[in-house]
Amino acid sequence: MNKTAQVGELHKPLSRDFYARDPRVVSRDLLGKVLVRQEGKNLLAARIVEVEAYLGEGDPAAHAAAGRTPRNAVLFGPPGHSYVYFIYGNHYCFNVSCLPDGIAGGVLFRAPEPLAGIEEMAQARGVSIKGKSDLRKLTSGPGRLAEAFGITRTRDNGKDLTRAGSDLFVADDGFHPPSVQTTVRIGITKAAKRPLRYVIAGNEFASGPKP
DNA sequence: ATATCGATTATCT
DNA sequence: GATAATCGATATG
């Protein structure tokens, strides 16, 4: 398998079937895939290294836990649609709906490794990249990821990520993560002990303090 | 109409 | 390590 991204694959979204499974399975399979934003001529791409699974009614930490509301309706809809919400008055978080239509569940994208469109991401984030280690400032954390990719609720909530030609989707370029680590989820107070955070082991671009 | 709080981050000390 | 910033969804009156 090629080490570099097979750019030819970067216009082909993952299928609806991929997302129509348990969020824990989708989470694990999303690691190593490539998140793509295609805005006309501009291409933003980043390899997913950290995600979290949020289950439906049985998961107190999930937005879907209290049942369907206008805000979380996407999570109850068909799989492969983006769920974007605003948090702490400052940040957007980007998720994808999982499981068949009518059953809630989703995956939160927490951190990817930037591959293409570095300049555009830095501009969107309002930071400058001097050294290689500064790349972490672009997308290391859900709020940063959303800002780097220009993801907002009005623009992207409810978007079908599996549609051919969508400007926002996830692609498989053949990369396979060497090893996957699971930990507890970050920043939640309910069901805080469940090991539903998935990280490519030892990856530099995962959120949190650098080891 | 008003109060509460959150799947975060930047910027202090 | 602690906290301010700051919006909107939701619950309650």
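Quick note: numbers below take in every heavy atom, side chains included, and nothing from hydrogens, waters or symmetry partners. None of the values given here were measured: they were computed from a predicted structure. Protein chains get the first letters and strands the later ones, always in sequence-line order, with residue 1 at the start of each.
- When the nearest nucleotides of DNA chain C are assigned to A:Gly89 and A:Arg153 by heavy-atom distance, the more 5′-ward of the two goes with A:Gly89.
- Seen from the ring of A:Phe18, A:Arg21 counts as a face-on cation partner, given the 6.0 Å and 45° thresholds.
- A:Arg47 forms a cation-pi arrangement with A:Phe175, by the criterion of a distance under 6.0 Å to the ring centre and an angle within 45° of the ring axis.
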**Complete:** A correct 5'-to-3' footprint of nucleotides 7-13 of chain B, with B, S and - meaning base, sugar-phosphate only and no protein heavy atom under 4.0 Å, is BBSS---

**Asked** What do the steps show when you test A:Ile118 against A:Leu135 for side-chain contact (heavy atoms from CB on, under 4.5 Å), and what is the final call?
**Response** CA-CA 8 Å; A:Ile118 309 280; A:Leu135 286 176; 3.7 Å; yes

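- A side-chain N or O of A:Thr162 and one of A:Asp160 form a donor-acceptor pair less than 3.5 Å apart.
- With values rounded to the nearest 0.5 angstrom, A:Ile103 atom CD1 is found 12.5 Å from A:Leu55 atom CG.
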**Asked** How does DNA chain B read in dot-bracket, base by base from 5' to 3', with Watson-Crick or G-U pairs under 3.5 Å and | used when the partner is on another strand?
**Response** ||||||.|||||.

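- Distance A:Arg68 CZ to C:dA9 C1': 16 Å, rounded to the nearest Å.
- A side chain to side chain donor-acceptor pair (under 3.5 Å) check over residues 50-62 of chain A, counting only residues at least two apart or in different chains, returns the pairs A:Glu50-A:Arg110, A:Glu50-A:Arg197, A:Glu50-A:Ser207, A:Glu52-A:Tyr54, A:Asp59-A:Arg185.
- For the residue pair A:Tyr19/A:His81, the side-chain donor-acceptor check at 3.5 Å is not satisfied.
- The shortest distance between side-chain heavy atoms of A:Val170 and A:Leu30 falls below 4.5 Å.
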